[in-house]
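Structure first, commentary second.
If you read the sequence from its start, that first residue is 1, and numbering goes on from there.
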Amino acid sequence: MAQDKLHAQKVELRARLLADRKTCGDGHSSELISLVEKHGFRLVAAYANFGTEPSTQSFLDWAVEAGVTVLLPRVANDSELDWHRYEANRLGRGALGIPEPTGLSQTLDRVELMIVPAVAVGRDGTRLGRGKGYYDRALESVTCPTVALVHDGELLDSVPHEEHDVAVDAVVTCSATVFLNQRLN
């Protein structure tokens, strides 16, 4: 019963935040570029934004120019993502309408930073996604620092979470990077 209540809380919060979501331009990309440059990361997993997700396009363009290798996800099946090298101007549309890479398949074992979308993040690092669990499963397989992108107002004191929800190390909003632990400081 408690699990059903928690699930309902997640559904309600997700619906409310998505209904109120407003995009904010390239602020996320500027913050990401600064973070990647500061740490000298050369292999990053990210995503190509879709709908009202925080924009990553300027970051992806910069990464190609700067020689940073970026892996992007492609939906493999009902529960997993495959990761592929991003090549400029080579995104297709997957079965769900989501921009997906067409490059060669890669593993996440050498990734130095993982950037994931979120609907909200709690100050303890818990991430509320869209509810399918794709990124939680991907986050379980990496040991590198992880960053969630949200719009201003979506970093909350807490979000409902379940045992399988994987925490992130930092949050990038439209206007700031907030470190939630010491992994990226």
Considering non-hydrogen atoms only, spot the tightest contact between [X] and [Y] and give its length.
X: S141; Y: L108; answer: OG-CD1, 3.9 Å
X: Y47; Y: L60; answer: O-CD1, 4.2 Å
X: V121; Y: A148; answer: CG2-CB, 3.7 Å
X: P73; Y: A46; answer: CD-O, 3.1 Å
X: A120; Y: V159; answer: CB-CG1, 3.9 Å
X: A167; Y: T146; answer: O-OG1, 3.9 Å

Quickly, which of Q9, K10, E154 forms a side chain to side chain contact (heavy atoms under 4.5 Å, CB included) with L128? Name it, please. K10
Does any N or O in the side chain of [X] come within less than 3.5 Å of the main-chain N or O of [Y], such that one atom is a donor and the other an acceptor?
X: H161; Y: G122; answer: no
X: E31; Y: H28; answer: no
X: E112; Y: R42; answer: yes
X: E53; Y: F50; answer: yes
X: D136; Y: D165; answer: no

Rounded to the nearest 0.5 Å, what's the gap from [atom1] on [X] to [atom2] on [Y]? Could you check?
X: L180; Y: D124; atom1: CG; atom2: CG; answer: 8.0 Å
X: I33; Y: S58; atom1: CD1; atom2: OG; answer: 7.0 Å
X: L43; Y: Q106; atom1: CG; atom2: CD; answer: 7.5 Å
X: R137; Y: L81; atom1: CZ; atom2: CG; answer: 8.0 Å
X: R74; Y: E80; atom1: CZ; atom2: CD; answer: 14.0 Å
X: I115; Y: F41; atom1: CD1; atom2: CZ; answer: 9.0 Å

Step-by-step side-chain contact (heavy atoms from CB on, under 4.5 Å) determination, V168 to V116: CA-CA 9 Å; V168 296; V116 298; 4.3 Å; yes
V171 vs T177, test: side-chain contact (heavy atoms from CB on, under 4.5 Å). Steps then yes/no. CA-CA 6 Å; V171 175; T177 299; over 6 Å; no
Tell me whether the NZ or CZ atom of R183 lies within the 45° cone about the ring axis of F179 and under 6.0 Å from its centre. no
Side chains of [X] and [Y]: closer than 4.5 Å at any heavy-atom pair?
X: L149; Y: P117; answer: no
X: L71; Y: H84; answer: no
X: S30; Y: F59; answer: no
X: L113; Y: H39; answer: no
X: W62; Y: E37; answer: yes
X: Y135; Y: R127; answer: yes
X: V150; Y: V119; answer: no

Hits for side chain to side chain contact (heavy atoms under 4.5 Å, CB included) against S175, two or more places apart or cross-chain, chain-then-number order -> D152, T173
side-chain contact (heavy atoms from CB on, under 4.5 Å) between V178 and R123: does it pass, once the steps are laid out? CA-CA 9 Å; V178 179; R123 291 202 177 272; 4.0 Å; yes
Pair M114, L139 - check side-chain contact (heavy atoms from CB on, under 4.5 Å), show working. CA-CA 8 Å; M114 187 160 189; L139 288 168; 3.9 Å; yes
Mark yes when over 12 heavy atoms from residues, nucleotides or ligands other than R110 sit less than 6.0 Å from its CZ; otherwise mark no. no
Residue pairs, two or more places apart or on separate chains, that pass disulfide (SG to SG under 2.5 Å) and touch residues 137-185: C24-C174
